[in-house]
Amino acid sequence: MADAAVVRALGDPALGSAVADWFADAARDLPWRAEGFGAWGVLVSEIMLQQTQVDRVIPRLAAWLERWPTPADLAASPPSEAVRMWDRLGYPRRALRLHACATAIAEEHGNVVPDDVDALLALPGIGDYTARAVAVFAYRQRHPVVDTNTRRVIARAVLGHAEAAPPHRRDLVDMTALLPEDVAASTVVNAGVMELGAIVCTARSPRCDACPIAARCAWRAAGYPAYDGPVRQRQARFEGSDRQARGRILAELRRSEVPVPAAELLALAPDAAQLERALDGLVADGLATGDPDSGYALPGS
DNA sequence: TAACCGTGGGT
DNA sequence: TACCCAAGGTT
């Protein structure tokens, strides 16, 4: 009878409050948690944090917000500058989408980051996680914030599994079950569960001795059974990949203030055919403009 | 929907 | 050293 559906329906509010108590002391002092950091800062931070470690984001975020304190400031600069400022944070399409996002906010939302989840979801580069993270952490609303950390904590502490199953909309229900009705308290649980997954209940080597809910953890109680869910896709090898080729090309474009000759780009690695494919992809994505005769540059520069 | 999209830190 | 993994989103 204690199947997953029952567990999900019941949830465990005590788990959430225990994590919140721990968070009050253990929370890291991160820039976006400062009082009055602002919704624009929160939004930029959340986009930079997509698949990117906190320590790499912090300096880039500070530089970004100093240069572009509001969405309209960013919208007034060409996309090429956004891609340059993005530097080597990775997934540079995020820089382009953040620029588009800023333009939409400036033109359609009076230069104010929307506080409505659906309005946020309609913006480029903002999905289920980021929309709710902004609504919760910038505007103090009550929504389930589900990221890789919360999914892992719930998989272990609540469901008794070593790892989270592939993402599913059901995850929103699972996280909601941990949230207290009180709105202010719910924001702390959201932040606390994320923090627990980030610094204690980590993927590789969880520090169960430092975990505030070890005594309530279903995975621990079950004797740490190995993961037995569906086989999960491994990230493709990076060395020799198209992604690496794209990165090399984009690094050249960032470095140059004038169009770079095609021949120069196609000589960045042994496989010219791959570089050509990568270059076409960058142009298709809007990360590069140009043609074989006049050379290539960042967009809108 | 499964595949794709960068770069670097941790083990 | 390789490999895993990272405050995901889009197509």
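These numbers come from the heavy atoms of this one structure, side chains and all, not from hydrogens, waters or symmetry mates. Here the structure is a predicted model, which is why all the values come from computation and not from measurement. In what follows, chains are A, B, ... by sequence order, proteins preceding strands, each numbered from 1.
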[X] (side chain) donor-acceptor with [Y] (main chain) under 3.5 angstrom:
{"X": "A:R156", "Y": "A:H161", "result": "no"}
{"X": "A:R97", "Y": "A:I47", "result": "no"}
{"X": "A:E195", "Y": "A:R28", "result": "yes"}

Item to check | Most 5' of A:R248 and A:Q233 on DNA chain B, judged by nearest nucleotide | outcome: A:Q233
Checklist entry - Which part of the nucleic acid, if any, lies within reach of A:P92 when heavy atoms closer than 4.0 Å are counted: base, sugar-phosphate only, or nothing? => result sugar-phosphate
Checklist entry - Should the heavy atoms of other residues, nucleotides or ligands under 6.0 Å from CZ of A:R169 be counted, would the total exceed 12? => result no
To the nearest Å, how far apart are [X] [atom1] and [N] [atom2]?
{"X": "A:I58", "N": "B:dG9", "atom1": "CD1", "atom2": "C1'", "result": "14 Å"}
{"X": "A:R237", "N": "C:dA2", "atom1": "CZ", "atom2": "C1'", "result": "8 Å"}
{"X": "A:R84", "N": "B:dG6", "atom1": "CZ", "atom2": "P", "result": "17 Å"}
{"X": "A:R254", "N": "B:dG6", "atom1": "CZ", "atom2": "P", "result": "10 Å"}
{"X": "A:Q244", "N": "B:dC4", "atom1": "CD", "atom2": "P", "result": "16 Å"}

Checklist entry - Same hydrophobic cluster for A:V153 and A:L179, using side-chain heavy-atom links shorter than 4.5 Å among ILVMFWY? => result yes
Checklist outcome for this item: Letter by letter from the 5' end, nucleotides 5-11 of chain C scores (B base, S sugar-phosphate only, - none; protein heavy atoms under 4.0 Å) BBBBBS-
Item to check | Atom P, compared across C:dT11 and B:dG6: separation rounded to whole Å | outcome: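 My reading of the P atoms in C:dT11 and B:dG6 gives 14 Å.
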Next on the checklist: Measuring only the P atom in each nucleotide, how far is B:dA2 from C:dA7? A whole number of Å is fine.
Outcome noted: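 Comparing P positions in B:dA2 and C:dA7 gives a spacing of 24 Å.
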Next on the checklist: With a 4.0 Å cut-off on N to O distance, would you call A:D128 and A:R132 a salt bridge?
Outcome noted: yes
